[in-house]
Amino acid sequence: MARVPSAAVAAAGLIGGYAVARYTKRRPLGGVVLAAAGAVAAKGWRERAGTPTAAALTGLYTVAFGASHPLAKKIGAWPSVFAVAATVAAASYALADR
């Protein structure tokens, strides 16, 4: 079975978490999606690149989630989510998936 790139899992977690929170109007449910995808991505990062890299990418994932909020006030909600998801996906690809 082919592995799903951790970059895709991380990006899907950020985008999917926001989408679930927005459309269900239940922020905790979006948080569950965000956390679950983050855990799966972190497992992949650790397996592919080691614990220090996994820790750094998990930190980036968390910071990106937090940074999307003030960024949304400047550029809009969806553009903000896509921007932070792309940033995390690019870092994940460069450090773990390539």
Side-chain angles (χ1 to χ4, degrees):
M1 180 189 221
R3 284 194 216 178
V4 176
S6 55
V9 174
L14 289 161
I15 295 167
Y18 175 70
V20 167
R22 179 175 179 149
Y23 295 116
T24 66
K25 296 187 179 10
R26 295 194 172 152
R27 292 179 72 171
L29 192 55
V32 168
V33 171
L34 180 78
V40 171
K43 182 177 183 284
W45 293 328
R46 188 176 38 94
E47 290 172 356
R48 294 176 186 141
T51 301
T53 301
L57 288 169
T58 300
L60 177 63
Y61 184 81
T62 305
V63 168
F65 166 70
S68 70
H69 293 82
L71 184 59
K73 292 179 190 232
K74 296 183 185 295
I75 66 173
W78 278 114
S80 172
V81 170
F82 289 136
V84 299
T87 300
V88 172
S92 178
Y93 176 77
L95 298 175
D97 290 337
R98 190 166 12 153

Asker: Locate the shortest heavy-atom distance separating V88 from A10; write the atom from each residue and the value.
Answerer: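 Looking at all heavy atoms of both residues, the shortest contact is CG1-CB, 3.7 Å.
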
Asker: If I compare all heavy atoms of A89 with all of A11, which pair ends up nearest, and what's the gap?
Answerer: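 What the structure gives for the nearest pair is CB-CB, 4.1 Å.
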
Asker: Out of curiosity, D97 CG to R3 CZ, how far, rounded to the nearest 0.5 Å?
Answerer: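 Between atom CG of D97 and atom CZ of R3 there are 9.5 Å.
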
Asker: Enter the distance from L29:CG to T24:OG1 here, rounded to the nearest 0.5 Å.
Answerer: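 Going from the CG atom of L29 to the OG1 atom of T24 covers 4.5 Å.
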
Asker: With no hydrogens and no angle check, is any side-chain donor or acceptor of S80 less than 3.5 Å from a backbone partner on S68?
Answerer: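 Yes.
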
Asker: Transitively linked via ILVMFWY side-chain contacts under 4.5 Å: V63 with L71?
Answerer: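 No; tracing contacts between hydrophobic side chains, which count when under 4.5 Å, never links both residues.
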
Asker: Y18: which residues meet the side chain to side chain donor-acceptor pair (under 3.5 Å) condition with it, sequence neighbours left out?
Answerer: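 Applying side chain to side chain donor-acceptor pair (under 3.5 Å) to Y18 gives R22.
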
Asker: Could you list the donor-acceptor pairs under 3.5 angstrom formed by side chains in residues 31-45, with sequence neighbours left out?
Answerer:
from: K43; atom 1: NZ; to: E47; atom 2: OE2; distance (Å): 2.7
from: W45; atom 1: NE1; to: S6; atom 2: OG; distance (Å): 3.0
from: W45; atom 1: NE1; to: S92; atom 2: OG; distance (Å): 2.6

Asker: Do you reckon L95 sits in the same ILVMFWY cluster as Y61, going by side-chain contacts under 4.5 Å, direct or chained?
Answerer: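 They do share one cluster, since a chain of ILVMFWY contacts under 4.5 Å joins L95 to Y61.
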
Asker: Locate the shortest heavy-atom distance separating R48 from A96; write the atom from each residue and the value.
Answerer: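 Reported closest heavy-atom pair: CB-O, 3.6 Å.
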
Asker: Quick check: do L14 and F65 have side-chain heavy atoms less than 4.5 Å from each other?
Answerer: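 Side chain of L14 against side chain of F65, heavy atoms only: contact under 4.5 Å found.
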
